[in-house]
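Below is one structure; the comments refer to it alone.
A note on names: the letters A, B, ... follow the listed sequences, proteins ahead of strands, and every chain is numbered from 1.
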Amino acid sequence: MIKHIIHDQVAQVLTSLGLSQQREFIVEVPNNPDNGEFSTNAAMVLAKENKTSPKKLAEALLKELKKNKYYKSVEIAGPGFINFRLSTSLFQHMLWDVYKLGLDFGNSDFGQQEKVLLEFVSANPTGPLNIVSARAAAYGDTLYRVMKKVGFDPAREFYINDAGNQVDILAESLELRLRELHGENIGEFPYEAYHGEYVKHLAHKLNAAEGVRVFMMPEKERNERLKEFALSELLEMQRLSLERFDVTFEGWVSERTLRGEGVVEEVLSYLTEADCTYEKEDAVWFASTKFGDDKDRVLMKSDGSITYFVPDLAYHLTKIQRGFTKLIDVFGPDHHGYVPRLKAAFRALNYDEDMLEIVFLQQVNLYESGEKVKMSKRAGKIVTMDDLINVVGKDAARYFFIARKANAHLNFDLELALQKNNDNPVYYCQYAHARICSIIRKAKKDRIYPRAFKQELCLKLTKPDELALIRKLTELPGLLETIAEYREPHRLATYTEELCGLYHRFYNKYQVVSLKSRELSKARLLLSEAVKNALAICLDLMGISAPEKM
RNA sequence: GCGCCAGUAGCUCAGUCGGAUAGAGCAGCAGCCUUCUAAGCUGCGGGUCGGGGGUUCGAAUCCCUUCUGGCGUGCCA
């Protein structure tokens, strides 16, 4: 907010002086407060193209900038930085602006209603959702919320991989468990089959509903029935887990349905028309190496069946057909080898490959008693998303996942999160919100809380800690835009902690509600309200509750 | 072998896309509740930003190289 204002003013001055500004300069907050509250490198960056020295350029700018009443001081320092100190009245004005906006604070049209499709989780419907899916859910959903707030037109979608090999294996696993249930000796449970307990539960449920009728069906029909049943049950299970995590999707797209609609054949024909397929060893290949992949990929196997890639590509093309101009896929760590062929296909079909953007979430390591927990879906040893929510709660789980940048490994210490009085930073933030609510309750009880706040109250706020809080507040709108642009929701967690830290400090230093000075109390209440709103916004964007009491 | 990601304080991680003296939380030590929530605050100690080279006014950030760890490299999905 403030950065923008300063940036615009510097740009205006440059224009009015008839100076070139080809290269981009920035306004930033210096590490060292001695260097002012804000600083710009404009003179250094633009000196060369204006055929002058940084110092001279800075001096020219300085003369004009000093005329602005919002700057307490403007100075030249070091190799040509221009450092700004802002007047207290600017902060006071900004606070009022922030306060008036309430929960709309931070809203903008930055995204210009661009239609963005966020695809995430998209887990195989062959078992409960795991921890990585939980991370994807937290990441994707928060990004969605932030993008929506800053004026994009985003949609969340879950692609259901319900048509591949793994579904057949699932059906077989279920059949074995069902036979077992009927006392049949099934021998050793196959290695590739799904070993999880949930398959047994499914068998029980199916048995209760249909008994031996399933076994009387012809094999093909039985197989369909088993698939049908397992898929719908597991999908529902996944949907419920996500719902508990406060994550919903605008769309659920089934691979089977897609195949049924004939889009697979369509895509194959497109690729053939683009002259980038060939037959070899009874299989149909995509010559993806022509388009940047490191090896060619099979589209149709020698047995006539189709690989996963084709319907997935078809799915991506439907996104474009539906009018989305940005496709963001959130992938797990084991899929990065898959990207070159997707991009290659876009290139082959003359789509702009930049429309497709892949975010990789690195793996999540669970630690218990200081040891890494090994997880394997096939072997049935998995810690599920539900387990995690049960243990640490939705708020803490979401926070942990969001607080780390996507492409870094995440170590999740279960024991630490297990401790109820833990050092979990999510409590730090929620506590700040609850604390403000408590103060407001107190003020209302003491009849200090005004019916309506007046702008003049802002003039009472002059302490450095108060101004620091206001400045932090003003950073939020720009931050949200940055988060949306760079797809980095983790910054929201960092920001929230910083804002809370400032408020906790302010709280410890100054009494907000004091009968001795009612006007100052009201002013601090106004500030507290603004902080509370900002916190509520941040927590809501992260999908974390903002408690009024703790 | 090749490709992708990571390497910052004892631990977990930030670092506003090239800025000035690299930050936070936890852990450790020492303090702060007869006043609005102590799930909080204050102070102290702690660093070869994995190593080496380069680019420039200026590098944790960009380039090259090298080491370490994770993942990928299926006619699996």
Side-chain angles (χ1 to χ4, degrees), chain A residues 3 26 28-32 34-35 39-41 44-45 47 54 77-81 83 122 124 126 161 163-167 169 255 280-285 294-295 297-303 305-309 312 332-340 360 362-363 365 400 403-413 416 420-432 434-443 445-446 448 475 478-479 482-483 486 488 490-491 493-495 497-498 500-501 503-514 521 524-525 528 549-550:
Chain A
K3 277 186 203 171
I26 59 162
E28 53 157 10
V29 179
N31 286 326
N32 185 345
D34 289 346
N35 292 321
S39 156
T40 180
N41 61 355
M44 290 182 291
V45 170
F81 288 104
N83 296 334
S122 296
N124 284 338
T126 52
N161 297 149
N165 245 324
Q166 80 282 12
V167 181
I169 296 172
E255 182 183 348
K280 190 179 89 181
E281 295 162 7
D282 296 330
V284 179
W285 295 69
D294 30 351
K295 57 184 71 169
R297 307 294 173 174
V298 171
L299 299 171
M300 189 187 282
K301 305 180 211 169
S302 49
D303 67 2
S305 67
I306 223 90
T307 59
Y308 167 82
F309 174 59
D312 191 44
D334 49 347
H335 278 64
H336 62 249
Y338 184 68
V339 177
F360 288 102
Q362 290 303 316
Q363 69 189 68
N365 295 319
F400 263 68
R404 271 146 194 83
K405 62 182 170 199
N407 55 6
H409 290 211
L410 193 155
N411 292 327
F412 204 117
D413 188 334
L416 185 83
K420 208 54 198 164
N421 62 335
N422 57 39
D423 316 307
N424 211 327
V426 66
Y427 290 118
Y428 185 79
C429 300
Q430 292 182 315
Y431 188 63
R435 179 172 255 178
I436 296 173
C437 291
S438 168
I439 292 171
I440 292 169
R441 282 194 295 272
K442 160 92 171 151
K445 201 173 130 218
D446 291 352
I448 279 188
E475 286 173 18
L479 177 77
T482 310
I483 289 170
Y486 294 103
E488 291 183 336
H490 73 273
R491 293 187 185 198
T494 310
Y495 173 84
E497 279 181 57
E498 285 166 358
C500 290
Y503 192 82
H504 285 312
R505 247 158 274 161
F506 163 74
Y507 168 89
N508 271 274
K509 207 157 167 182
Y510 302 104
Q511 182 80 15
V512 175
V513 179
S514 162
S521 293
R524 288 182 172 157
L525 280 166
S528 298
K549 274 183 191 170
M550 280 175 82

Which protein N or O atoms sit under 3.5 Å from an N or O of nucleotides 45-47 of chain B?
none

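- The salt bridge (charged side-chain N to carboxylate O under 4.0 Å, His left out) check on R435(A) picks up nothing, with sequence neighbours excluded.
- Residues forming a ring-ring contact (aromatic ring centres under 6.0 Å, His included) with Y495(A) (at least two apart in sequence, or on another chain): none.
- One finds a side-chain N or O of K301(A) lying less than 4.0 angstrom from the OP1 or OP2 phosphate oxygen of rA77(B).
- Within the nucleic acid shown, K442(A) comes within 4.0 Å of sugar-phosphate atoms alone, with no base atom in reach, counting heavy atoms only.
- Between rC44(B) and rC5(B), the distance separating the two P atoms is 40 Å to the nearest Å.
- As a whole-Å value, the separation of N41(A) CG from rG19(B) P is 8 Å.
- Applying the ring-ring contact (aromatic ring centres under 6.0 Å, His included) test to Y507(A) and every residue at least two apart in sequence or in another chain returns nothing.
- Partners of D294(A) under the salt bridge (charged side-chain N to carboxylate O under 4.0 Å, His left out) rule, at least two apart in sequence or in another chain, are R297(A).
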Give me, pair by pair, the N or O atoms of the protein and of nucleotides 71-74 of chain B that are less than 3.5 Å apart, along with how far apart they are.
{"from": "rC71(B)", "atom 1": "O2'", "to": "P333(A)", "atom 2": "O", "distance (Å)": "3.0"}
{"from": "rC71(B)", "atom 1": "O2", "to": "H336(A)", "atom 2": "NE2", "distance (Å)": "3.3"}
{"from": "rU73(B)", "atom 1": "O3'", "to": "K295(A)", "atom 2": "NZ", "distance (Å)": "3.3"}
{"from": "rU73(B)", "atom 1": "O2'", "to": "K295(A)", "atom 2": "NZ", "distance (Å)": "2.9"}
{"from": "rG74(B)", "atom 1": "OP2", "to": "K295(A)", "atom 2": "NZ", "distance (Å)": "2.4"}

For nucleotides 40-42 of chain B, print each protein N/O atom paired with a nucleotide N/O atom at under 3.5 Å, atom names and distance only.
{"from": "rG40(B)", "atom 1": "O2'", "to": "R435(A)", "atom 2": "NH1", "distance (Å)": "2.8"}
{"from": "rG40(B)", "atom 1": "O2'", "to": "N508(A)", "atom 2": "ND2", "distance (Å)": "3.0"}
{"from": "rG40(B)", "atom 1": "N2", "to": "N508(A)", "atom 2": "OD1", "distance (Å)": "3.3"}
{"from": "rC41(B)", "atom 1": "OP1", "to": "Y428(A)", "atom 2": "OH", "distance (Å)": "2.5"}
{"from": "rC41(B)", "atom 1": "O4'", "to": "N508(A)", "atom 2": "ND2", "distance (Å)": "2.9"}
{"from": "rU42(B)", "atom 1": "OP1", "to": "R505(A)", "atom 2": "NE", "distance (Å)": "3.0"}

Tabulated below should be each protein N or O lying under 3.5 Å from an N or O of nucleotides 57-63 of chain B; please produce it.
none

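- By the 30° and 60° cut-offs, the orientation of the rings of Y338(A) relative to Y308(A) is tilted.
- For H409(A), there are no ring-ring contact (aromatic ring centres under 6.0 Å, His included) partners two or more places apart in sequence or in a different chain.
- Annotation: salt bridge (charged side-chain N to carboxylate O under 4.0 Å, His left out) contacts of K509(A) (sequence neighbours excluded): D465(A).
- Separating the C1' atom of rC64(B) from that of rC75(B) is a span of 39 Å, rounded to the nearest Å.
- Y428(A) meets the ring-ring contact (aromatic ring centres under 6.0 Å, His included) test with H504(A); sequence neighbours excluded.
- Atom OH in Y503(A) sits about 13 Å away from atom P in rC36(B), given to the nearest Å.
- Contact annotation for V29(A): base contact, defined as any heavy-atom pair under 4.0 Å involving a base atom.
- In this view, E498(A) and K472(A) satisfy the salt bridge (charged side-chain N to carboxylate O under 4.0 Å, His left out) rule, not counting sequence neighbours.
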